[in-house]
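The block underneath contains the structure these notes are about, expressed in structure tokens.
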Number of protein chains: 2
Amino acid sequence: MSIDINDALKALDNPARLAILAKLKDPRKNYPEQEVDPEQVGVCVSIIQERAGLSQSTISLYLTALQRAKLVTSQRIGPWTYYKRDEANIAEFLKQLQDLI
Amino acid sequence: MSIDINDALKALDNPARLAILAKLKDPRKNYPEQEVDPEQVGVCVSIIQERAGLSQSTISLYLTALQRAKLVTSQRIGPWTYYKRDEANIAEFLKQLQDLI
DNA sequence: CAAAGAAAACGAGATATTGCTATATTGGCA
DNA sequence: TGCCAATATAGCAATATCTCGTTTTCTTTG
């Protein structure tokens with residue numbers, strides 16, 4: 001199903017979550033310590049956490065929130081969970097917002 | 001000064017405030033009882049309130065919040081306060097958001 | 001000046017969010 | 001199996017937001 005504009009706005013109404021989504025735009029630059037190709041699989045929680053300077057549990061919570069809002073997807077590979085942007089939904093959200101307001 | 005993206009997102013993270021901003025796009029259609037030309041001066045608080053179905057104090061607060069976020073401007077004419085969209089800032093917000101995320 | 005209407009400010013209770021520490025769960029590996 | 005690293009979840013106190021009813025302020029008009 002398609003993205004819900006209010007859910008997306010709620011997820012983005014937090015500077016840390018907004019910054020995470022923004023940084024995931026260029027993961028190679030913003031998360032260079034990520035070894036597995038971030039464009040392919042995403043960036044793992046602990047690396048996102050380091051950069052954000054918040055606790056592990058808070059970051060995990062925030063990533064879950066972004067995922068509930070359908071702005072990112074996650075995939076677990078072994079012990080790691082990788083998060084990456086859902087470009088189609090982000091684009092749809094921006095379009096919906098633009099049309100609405 | 002220019003708009004702050006986090007302030008704007010905070011203001012829009014509320015379905016009622018989002019709807020008000022959206023409705024102000026076409027005030028003649030959405031607020032037909034407004035007699036003074038809404039494109040010129042805006043729509044007054046009590047008319048916005050009627051349509052929104054929330055208390056007067058809540059609407060007043062919400063409009064103030066939208067104004068603090070610089071998404072609308074207000075002008076008082078006699079006993080009425082008219083609110084209208086700040087198109088330049090709204091466009092700038094959308095552009096900033098698009099560039100950021 | 002008094003009265004009335006419009007809007008804003010105030011005060012309050014319910015609910016939500018923030019971000020933490022502590023604990024649980026998951027998966028890989030010796 | 002038992003241990004360790006990576007995530008997720010639970011529980012919590014502090015703060016913020018929601019939304020109301022009430023009160024105050026502002027403005028026009030009699």
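Just so it is clear, the model here is predicted, and its values are computed rather than measured. So you know, we letter chains A, B, ... as the sequences are listed, proteins then strands, and number each from 1.
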Nearest-angstrom distance from the residue atom [atom1] of [X] to [atom2] of [N]:
X: I59(B); N: dA6(C); atom1: CD1; atom2: P; result: 16 Å
X: L63(B); N: dA7(C); atom1: CG; atom2: P; result: 10 Å
X: R68(B); N: dA9(C); atom1: CZ; atom2: P; result: 10 Å
X: L66(B); N: dC18(D); atom1: CG; atom2: C1'; result: 15 Å
X: N6(A); N: dT17(C); atom1: CG; atom2: P; result: 12 Å
X: I48(A); N: dA6(D); atom1: CD1; atom2: P; result: 14 Å
X: I77(B); N: dT27(D); atom1: CD1; atom2: P; result: 13 Å
X: D7(B); N: dA16(D); atom1: CG; atom2: C1'; result: 15 Å

Among [options], the one nearest [X] by side-chain distance:
X: P79(A); options: dA8(D), dA7(C), dG28(C); value: dG28(C)
X: Y62(A); options: dA7(C), dT18(C), dT7(D); value: dT18(C)
X: R76(B); options: dC26(D), dT18(C), dT9(D); value: dC26(D)
X: T58(A); options: dA6(C), dT7(D), dG19(C); value: dG19(C)
X: Y83(A); options: dA8(C), dA8(D), dT19(D); value: dA8(D)
X: L61(A); options: dT19(D), dG19(C), dA7(C); value: dG19(C)
X: V45(A); options: dT7(D), dC18(D), dG21(D); value: dT7(D)
X: K10(A); options: dT17(C), dT19(D), dA6(D); value: dT17(C)
X: S57(B); options: dG21(D), dT17(D), dA7(C); value: dG21(D)
X: L54(B); options: dT19(D), dA7(C), dA6(D); value: dT19(D)

request  = Tell me whether the OP1 or OP2 atom of dT18(C) has a side-chain N or O from N14(A) closer than 4.0 Å.
outcome  = yes
query = For dA6(C), does OP1 or OP2 lie under 4.0 Å from any side-chain N or O of S46(B)?
reply = no
task = Give Y82(A) one of three labels, base, sugar-phosphate or nothing, depending on what nucleic acid heavy atoms sit under 4.0 Å from its own.
result = nothing
query = Which part of the nucleic acid, if any, lies within reach of T81(A) when heavy atoms closer than 4.0 Å are counted: base, sugar-phosphate only, or nothing?
reply = sugar-phosphate
Quick one: [atom1] on [X] to [atom2] on [Y], what's the gap to the nearest 0.5 Å?
X: K70(A); Y: D7(A); atom1: NZ; atom2: CG; value: 8.0 Å
X: R85(B); Y: K23(B); atom1: CZ; atom2: NZ; value: 14.0 Å
X: S60(A); Y: Y83(A); atom1: OG; atom2: OH; value: 5.5 Å
X: Q67(A); Y: T73(A); atom1: CD; atom2: OG1; value: 7.0 Å
X: I101(B); Y: Q96(B); atom1: CD1; atom2: CD; value: 12.0 Å

ask   = Is a donor-acceptor contact shorter than 3.5 angstrom present between the side chain of Q56(B) and the base of dA8(C)?
value = yes
request  = Quick one: list whatever passes salt bridge (Lys or Arg N to Asp or Glu O under 4.0 Å) with K84(A), sequence neighbours left out.
outcome  =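 Here no residue qualifies.
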note = Sorted by position of nearest nucleotide on DNA chain C, 5' first, the leading residue of G78(A) and R17(A) is R17(A)
